[in-house]
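Heads up, the thing below is written out as structure tokens.
Order of listing sets the numbers, starting from 1, for every ligand and every atom in it.
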Amino acid sequence: MNLVVVSNRVSRGKANEPMTGGLAAALLPVVEKSGAIWVGSSGRVRDGSQKEPFAEIEALGAGALAMLDLPAAHYGGYYEGFANSALWPALHSRSDLIRASQEDYLSYREVNAFMARALLRFQKPDSAFWIQDYHFLALGSELRDLGVTQPLGFFLHTPWPARAVIEGVPHHRELIEAMLAYDLIGFQTGDDCENFLDYLRSELGLEVADGCVTSRFGKTRVAVFPIGIDPGKFAQQAAKAVSHPDVSRLRRSLHGEKLAIGVDRLDYSKGLINRINAFDRMWTTQPQLARTVSLLQIATPSRGAIEAYGNLQNELAKLVSDVNGRHGEVDWTPIRYLNKGFSQTVLAGLYRTAQVGVVTPLHDGMNLVAKEYVAAQNPDDPGVLVLSKFAGAANELDTALLVNPNDIDGMARTIAIALSMPLVERCMRWEAMMEKLQASTIQGWFADFVDALQQSQSDPCGPEPLLAEPPAPWPLRSVNSGVRYH
Ligand code: F6P
């Protein structure tokens, strides 16, 4: 099989370059090994006069990377417009932030159609196409319109919200009907999958049996494939990275004080305001913790041309400066706030340096930072993960300290508990999480999806739909559950 992987953002895999976005960083090592062709945006635009889409093609591991210049007239409406101002807020249950114009929708459809035409040059009789993420909901149906008959798969890296929320997106019906051109649709969690199926049943009146649905395109299988990381590789990287100059400088600057770390794209879905407020609350209610712990918050700027992101950046900068102004001392800064990206190598070392990882999104498809933080820990002295129960990762990492990111007091208390957790409890929680990471790696995710995609036309509904299992009971699940380890 000749696999063609498609995503808006791609990664060229230059060692030690800052990584942009979970999807591109996660896919890079597996795509590199698989021999697939990975097609995405070059980040540049071009006017529409050229006959053939312009693609810069370079070798990538055993395969190739093709970066396309997208049409200048439609790029803004597609990326900042419909994809990130209508779909993204809806997918993250922020109906209040949905902004959608008819022009933006048309640009989104134009770019999906443009990508479909561009993909024809990579098509072979035994090709299969695997499309990633919400930028290309309609790409499958555009490919079918061009006569492509090969297997088409789609994986959504974000959550899929409740029916009433997605119905707030203009043209939702047309788009979701178009999604049924895919033979296989994958989601991160059972809840996402159930929300999608509920829409198909209730809004489109379709029958769903064993995760399979029939539409005018034929059969589509809908299933759960939780994305993972390569925990072994990340652990090695982290152990090596402790001697990286940035990491050593950080360690020296702490003077024995503890460190909590947060690493996020600067996005309203990440719950950054609530997180900073929780630290503020913790230092206010437990003043003895001042000078004993600081927060390193890396917030990489993202989608800055969109008003909601610009507003958030300003609000966060103001909040951090206010908290630092109130709690800081001449020789102590409570929050170290950085608006830049770091390479994965440096991040691995920073995670290992921090006694607490705070990953508290309001909604998140998976959140690979949570998994990377766990994998980066020193097995003899692991840190504690404080994790939002609304991140997809919480389904697997259920021995993290799970928090409600809207409950500022609860988060403040939980962070303090994390800071004082005894070694034996830290080790037990960490080992349980590592087992989960090892059982569900990025390599396994890739292979499972590709296998299912290969079978999708011959045996669309078998063997077993991969609906999420309920998490296994474990006595250390959450401090909020009231069940504690003694
Ligand atoms: O699924 C989320 C995602 O597509 C991930 O790749 C990443 O976290 C982010 O969105 C990237 O966004 P952008 O490409 O707009 O920076």
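The distance criterion of under 3.5 Å between nitrogen or oxygen atoms is met by Leu23 with respect to ligand 1.
A salt bridge links Glu58 to Arg12: at least one charged side-chain nitrogen sits closer than 4.0 Å to a carboxylate oxygen. Salt bridge status for Arg99 with Glu307: absent, with no side-chain N to carboxylate O gap under 4.0 Å. Looking at Lys270 and Asp364, a side-chain N of the basic residue comes within less than 4.0 Å of a carboxylate O on the acidic one, giving a salt bridge. Salt bridge present: Arg173 and Glu203 bring a charged side-chain N and a carboxylate O closer than 4.0 Å.
Residue Phe155 does not touch ligand 1, judged by heavy-atom distances below 4.0 Å.
By heavy-atom distance, the residue among His157, Arg303, Glu80 lying nearest atom 11 (C) of ligand 1 is Arg303.
Every atom of ligand 1 is numbered from 1 in the order shown, and the set under 4.0 Å from a heavy atom of Arg9 is 13 (P), 14 (O), 16 (O). Near Tyr79, meaning under 4.0 Å from one of its heavy atoms, ligand 1 places the atoms 13 (P), 14 (O), 15 (O), 16 (O). Which parts of ligand 1 touch Thr158 is read off a 4.0 Å heavy-atom cut-off, strictly below it: atoms 1 (O). Per-residue contacts place Asp133 under 4.0 angstrom from the following atoms of ligand 1 (heavy atoms of the residue considered): 1 (O), 2 (C), 3 (C), 4 (O).
In this structure, Arg303 satisfies the cation-pi test against Trp88, with its NZ or CZ atom closer than 6.0 Å to the six-membered ring centre and inside 45 degrees of the ring normal.
Each of Val369, Asp264, Asn274, Asn367 was evaluated against Pro361; a single residue qualifies, Asn367, per the side chain to side chain contact (heavy atoms under 4.5 Å, CB included) test.
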